[in-house]
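The shown structure was predicted, so the numbers you read here are calculated from the model rather than taken from an experiment. Lettering follows sequence order; numbering is per chain, from 1. Just the heavy atoms: all of them, side chains too, but no hydrogens, waters or symmetry mates, feed the values below.
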Amino acid sequence: QKEVEQDPGPLSVPEGAIVSLNCTYSNSAFQYFMWYRQYSRKGPELLMYTYSSGNKEDGRFTAQVDKSSKYISLFIRDSQPSDSATYLCAMRLSGGYNKLIFGAGTRLAVHP
Amino acid sequence: DVKVTQSSRYLVKRTGEKVFLECVQDMDHENMFWYRQDPGLGLRLIYFSYDVKMKEKGDIPEGYSVSREKKERFSLILESASTNQTSMYLCAITGGRGGSTGELFFGEGSRLTVL
């Protein structure tokens, strides 16, 4: 069993839809949770991060962490074609050398 | 802006060739990483380095070695390339040890095809 599970998709939605992307994990010691966005033929870039449990909002994006269920989510409101990318969840323990464990990534396509 | 530069974006090599992938950063960060990215498997850590001449194995180091002679440069070496090393290779950097967000800054990737 992988430490971090993420449905690879692809996920196709119409412009304006609410998108929900999810990851589950097995290591209850993870403390930092992140979402990276990767456009085609580019390296990933950090979109959101959350420390421990709770919600974090940034514009159209909301990240949620439920440590009791070992489940994290990224919501995208009013999705745009420019949101079409692969979204990778990542997480790590507290301390150490910032060794992140990544999910496989979910490919999202937002069509006009 | 953070700049992580991978010198080769696309490479085609033959089985058994020695391959060098170079990564250069301009942020004076201590930690540098090499990942490979494969469909359905996500990013897997090959090696990382937390200082000049220091290195640690990641999750899949077999078939790879690394070199860090200068702080800004981290090289990934495939001593004898094999077809199962066909992949996207991503270099990343981050500063400091723990206590920070652990944000990784990535290069644009080097897509290697081994024939």
Side-chain angles (χ1 to χ4, degrees), chain A residues 1-10 21-27 29-52 54 56 58 63 65 72 85-107, chain B residues 1-6 8-10 21 23 25 27 29-51 54-61 68 74 88-111:
Chain A
Q1 184 191 3
K2 293 180 185 176
E3 273 193 288
V4 179
E5 298 275 3
Q6 184 177 8
D7 187 336
L21 304 167
N22 311 295
C23 288
T24 59
Y25 61 95
S26 57
N27 189 342
F30 285 137
Q31 291 285 352
Y32 290 89
F33 303 91
M34 300 171 199
W35 287 95
Y36 281 79
R37 178 175 60 195
Q38 185 177 21
Y39 290 115
S40 181
R41 290 185 289 277
K42 297 285 188 183
E45 57 181 351
L46 183 68
L47 189 60
M48 306 260 316
Y49 89 91
T50 310
Y51 173 71
S52 195
K56 189 169 186 176
D58 184 2
V65 175
I72 69 170
T86 296
Y87 290 81
L88 300 127
C89 64
M91 48 201 78
R92 72 173 183 94
L93 306 172
S94 184
Y97 294 107
N98 303 321
K99 285 172 64 178
L100 290 180
I101 308 298
F102 284 86
T106 299
R107 193 150 50 95
Chain B
D1 269 1
V2 176
K3 198 161 177 69
V4 181
T5 303
Q6 293 183 233
S8 304
R9 292 294 310 277
Y10 301 95
L21 299 178
C23 176
Q25 55 135 334
M27 288 300 294
H29 280 341
E30 295 90 348
N31 304 322
M32 298 187 75
F33 303 78
W34 275 106
Y35 286 87
R36 64 177 282 177
Q37 184 175 28
D38 300 288
L41 297 177
L43 275 73
R44 293 178 292 165
L45 181 63
I46 304 171
Y47 267 97
F48 71 102
S49 169
Y50 52 91
D51 204 348
M54 305 301 287
K55 61 186 179 185
E56 283 199 23
K57 292 179 181 179
D59 300 315
I60 52 163
R68 193 165 180 200
F74 191 35
M88 168 72 90
Y89 290 88
L90 288 160
C91 175
I93 66 172
T94 189
R97 297 184 183 187
S100 65
T101 64
E103 177 179 3
L104 287 173
F105 297 94
F106 285 89
E108 297 211 319
S110 299
R111 183 164 292 282

| query | Given a strict heavy-atom distance threshold of 4.5 Å, which part of A:Pro8 is in contact with chain B: side chain, backbone, both, or neither? | reply | neither

| note | When the 4.5 angstrom heavy-atom criterion is applied to A:Arg107 and chain B, the contacting part is neither

When rounded to the nearest 0.5 angstrom, what distance separates [atom1] in [X] from [atom2] in [Y]?
X       : Y        : atom1 : atom2 : answer
A:Glu45 : B:Phe105 : CD    : CZ    : 11.0 Å
B:Asp59 : A:Ile101 : CG    : CD1   : 5.5 Å
A:Arg92 : B:Leu104 : CZ    : CG    : 9.0 Å

| field | A:Gln38 side chain near B:Gln37 side chain, heavy-atom distance below 4.5 Å | value | yes

| query | Can you find a heavy atom in the side chain of A:Leu100 that is under 4.5 Å from one in the side chain of B:Tyr35? | reply | yes

Structural part of [X] lying under 4.5 Å from a heavy atom of chain A:
X       : value
B:Tyr10 : side chain
B:Leu45 : side chain
B:Arg44 : neither

| chain A: which of B:Cys91, B:Pro39, B:Ala92, B:Gly40 shares the most heavy-atom pairs with it under 4.5 Å? | B:Gly40

| request: Taking atom NZ of A:Lys2 as the centre, report whether more than 12 heavy atoms of other residues, nucleotides or ligands fall under 6.0 Å from it. | output: yes

